Engineer: 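Supplied in structure tokens, the structure appears directly below.
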Number of protein chains: 2
Amino acid sequence: MFNFVPVLLQDGVMKLNEKKIQILLTAEKLFADNGFDGTTIRQISKKAGINIAMISYYFGSKKKLLEALLIYRISDFGSEFDSIVSDKGTYLEKIDAFIEMMVKRIHQNRRTHKIVSFEYSNPFREINFEAYENYKKENFNIVANFVKNGQEQSEFSKNINVQMIIPTILGTYFHFYYNKNFYQNLLDISNESEIEHYVHNQLTQHIKQTIKALLTYEE
Amino acid sequence: MFNFVPVLLQDGVMKLNEKKIQILLTAEKLFADNGFDGTTIRQISKKAGINIAMISYYFGSKKKLLEALLIYRISDFGSEFDSIVSDKGTYLEKIDAFIEMMVKRIHQNRRTHKIVSFEYSNPFREINFEAYENYKKENFNIVANFVKNGQEQSEFSKNINVQMIIPTILGTYFHFYYNKNFYQNLLDISNESEIEHYVHNQLTQHIKQTIKALLTYEE
DNA sequence: AACAATTAAACAACTGTTTAATTTAAACAC
DNA sequence: GTGTTTAAATTAAACAGTTGTTTAATTGTT
């Protein structure tokens, strides 16, 4: 049984059949939990229920498996954002929808983001992070334009470090996620669904509040 | 030439001579750059200029080397904080000194924090994170008390998610640090000293502004 | 028949740790 | 200051286990 050729096509996009996606998702979880180096292809194979040779056969190597995951996971969020901006209402009101979208998105891709975060800074890791960098650049430009427009409408304060807004939003989320064990204990929540609930309610609310406060703060 | 016994003493505190510290610092940098699993004891030995057997001889194992690093690095910051609180001035004014201290401290220990962040969530990694957890708990209590007092003086708003203030402060810093390569490019700064300067000035200023805004924001 | 999919086995390289031997340095008796 | 003892420091080599990848053979599908 075969569906697609197991090689990179000319445009560099790999066709993904169900089995390949299953392998990617298994690898994503293991990479996020144990790190790239901490995960073996035997672990991935076993958990995905395939033979170890299939990973080389499908993806070429462990490194290329990670690259395939990055391309599969990280897509732009320009269009989603456009519909928020075109909605009526003040810029301040739009922030709520905007933050909500960002947190949902980042939460959905949290594992891949974690993997990238830790492998990105390693200069000896010869992995192609182009997709990730383009994604970040696009996100940054969207935020920068949004804030600029809000400032022109005099809804937002001047003297805001626009470049550090994304670190504030995503950083807050990720610091929570990376220290999940700690905050689980602190907040006295136990299971995964309660964490999900906290993220999409209290944490999202806190980030909204923080960003709205920052954008309207006058010293 | 020998200085101290290479074993754990009764109270669990290892005496550290200069050579041990040199090994710890070498390991810290490599662990932070390449991850715990991505770093081999041969790399550490070579970079530290010692024989590979010395690591087992001094620390017992690679895991115990990391544990020794944690104990060496992560100390409480209660006393430093106390002097800030006892200074005169409003609570709002104290925030500046407080944030500055936190960023300086976290920046100094950034590598160990990065290592911990990544290894902490791995349940199969049998490493003792007690020192780290106590450190976090203490920091949290300090912040919680500080905010409570500021609220009692009516300087800070009510309805603040106190538990998410530390994630906001540290998260912003770490998201910047983890994506150093990206922001280096975005901010058009090249060398390490310019990054240092940005952290202690623009980034610290941004975090101060964000937290002050949050603590005084009325919806 | 043609070729993709899948497999178990083998591969050489690398892993953390231990060994057993040697070197170094402090402690001691004089 | 001697020479001797004692134990720590340091070393190269070996250890057994694991790593990612490849092979060559087999199975499955069209």
Side-chain angles (χ1 to χ4, degrees), chain A residues 1-9 14-24 26-28 30-31 33-69 115 119 122 124-128, chain B residues 1-9 14-24 26-28 30-31 33-69 115 119 122 124-128:
Chain A
M1 179 220 313
F2 82 99
N3 294 321
F4 296 107
V5 285
V7 291
L8 286 174
L9 303 179
M14 176 184 274
K15 290 220 177 183
L16 298 171
N17 59 33
E18 275 185 30
K19 188 157 273 185
K20 281 186 195 173
I21 291 176
Q22 177 201 357
I23 295 171
L24 285 183
T26 307
E28 183 186 43
L30 287 169
F31 285 160
D33 284 347
N34 314 328
F36 181 75
D37 289 307
T39 304
T40 70
I41 59 160
R42 281 170 181 80
Q43 279 180 280
I44 299 171
S45 317
K46 195 177 177 185
K47 204 165 182 184
I50 53 150
N51 187 279
I52 54 165
M54 291 307 290
I55 286 173
S56 296
Y57 179 70
Y58 269 149
F59 299 97
S61 70
K62 192 184 172 189
K63 276 180 189 172
K64 285 179 185 163
L65 168 66
L66 176 54
E67 287 176 0
L69 175 62
I115 299 163
E119 307 301 336
N122 186 342
F124 300 104
R125 178 93 63 225
E126 289 140 349
I127 286 169
N128 188 352
Chain B
M1 180 219 311
F2 82 97
N3 295 321
F4 295 107
V5 285
V7 292
L8 287 174
L9 303 179
M14 176 184 274
K15 290 220 177 182
L16 298 172
N17 59 33
E18 277 184 29
K19 188 157 273 186
K20 281 187 195 171
I21 291 175
Q22 178 202 355
I23 295 171
L24 285 182
T26 306
E28 184 185 42
L30 287 169
F31 285 160
D33 284 348
N34 314 329
F36 182 75
D37 289 307
T39 305
T40 70
I41 60 160
R42 282 170 180 81
Q43 279 180 279
I44 300 171
S45 317
K46 195 176 177 185
K47 203 166 184 183
I50 52 149
N51 187 280
I52 53 166
M54 291 306 291
I55 286 173
S56 295
Y57 179 69
Y58 269 149
F59 299 97
S61 70
K62 192 184 172 189
K63 276 180 190 173
K64 283 179 186 164
L65 168 67
L66 176 54
E67 286 176 359
L69 175 63
I115 300 163
E119 308 301 337
N122 186 342
F124 301 104
R125 179 95 61 227
E126 288 140 351
I127 287 169
N128 189 351

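In the text below, chain A, chain B and the rest are named by the order of the sequence lines, each starting its count at 1. Because the structure is predicted, anything quoted here is derived from the model rather than measured.
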Engineer: Quick test of your reading: applying salt bridge (Lys or Arg N to Asp or Glu O under 4.0 Å), list the pairs with at least one residue in residues 42-54 of chain B, sequence neighbours left out, ordered by first then second residue.
Structural biologist: none
Engineer: Got a sec, which residues hit salt bridge (Lys or Arg N to Asp or Glu O under 4.0 Å) with B:Lys63, two or more places apart in sequence or on another chain?
Structural biologist: B:Glu126
Engineer: Tell me, do B:Leu24 and B:Phe59 make a side-chain contact under 4.5 Å, heavy atoms counted?
Structural biologist: yes
Engineer: Between C1' on C:dT7 and OH on A:Tyr58, what's the gap in Å once rounded to a whole number?
Structural biologist: 13 Å
Engineer: Atom NZ of A:Lys46 and atom C1' of C:dA8: how far apart are they, to the nearest Å?
Structural biologist: 16 Å
Engineer: Atom NZ of B:Lys19 and atom P of D:dA8: how far apart are they, to the nearest Å?
Structural biologist: 16 Å
Engineer: Between D:dA9 atom P and B:Gln22 atom CD, what is the distance in whole Å?
Structural biologist: 15 Å
Engineer: Enumerate all atom pairs, one protein N or O and one N or O from nucleotides 16-23 of chain D, separated by less than 3.5 Å.
Structural biologist:
from   : atom 1 : to      : atom 2 : distance (Å)
D:dG20 : OP1    : A:Thr39 : O      : 3.3
D:dG20 : OP1    : A:Lys62 : NZ     : 2.9
D:dG20 : OP2    : A:Ile41 : N      : 3.1
D:dG20 : N7     : A:Arg42 : NH1    : 2.8
D:dG20 : O6     : A:Arg42 : NH2    : 3.0
D:dT21 : OP2    : A:Lys62 : N      : 2.9

Engineer: Could I get the full list of side-chain contact (heavy atoms from CB on, under 4.5 Å) partners for B:Ile41, not counting sequence neighbours?
Structural biologist: B:Ile52, B:Ile55, B:Lys62
Engineer: Among residues at least two apart in sequence or on other chains, which ones pass side-chain contact (heavy atoms from CB on, under 4.5 Å) with B:Thr39?
Structural biologist: B:Leu30, B:Phe31, B:Asn34, B:Gln43, B:Ile44
Engineer: Can you name the salt bridge (Lys or Arg N to Asp or Glu O under 4.0 Å) partners of B:Glu67, sequence neighbours left out?
Structural biologist: none
Engineer: Could you state the atom-to-atom distance from CE of B:Met54 to P of D:dA9 in whole Å?
Structural biologist: 7 Å
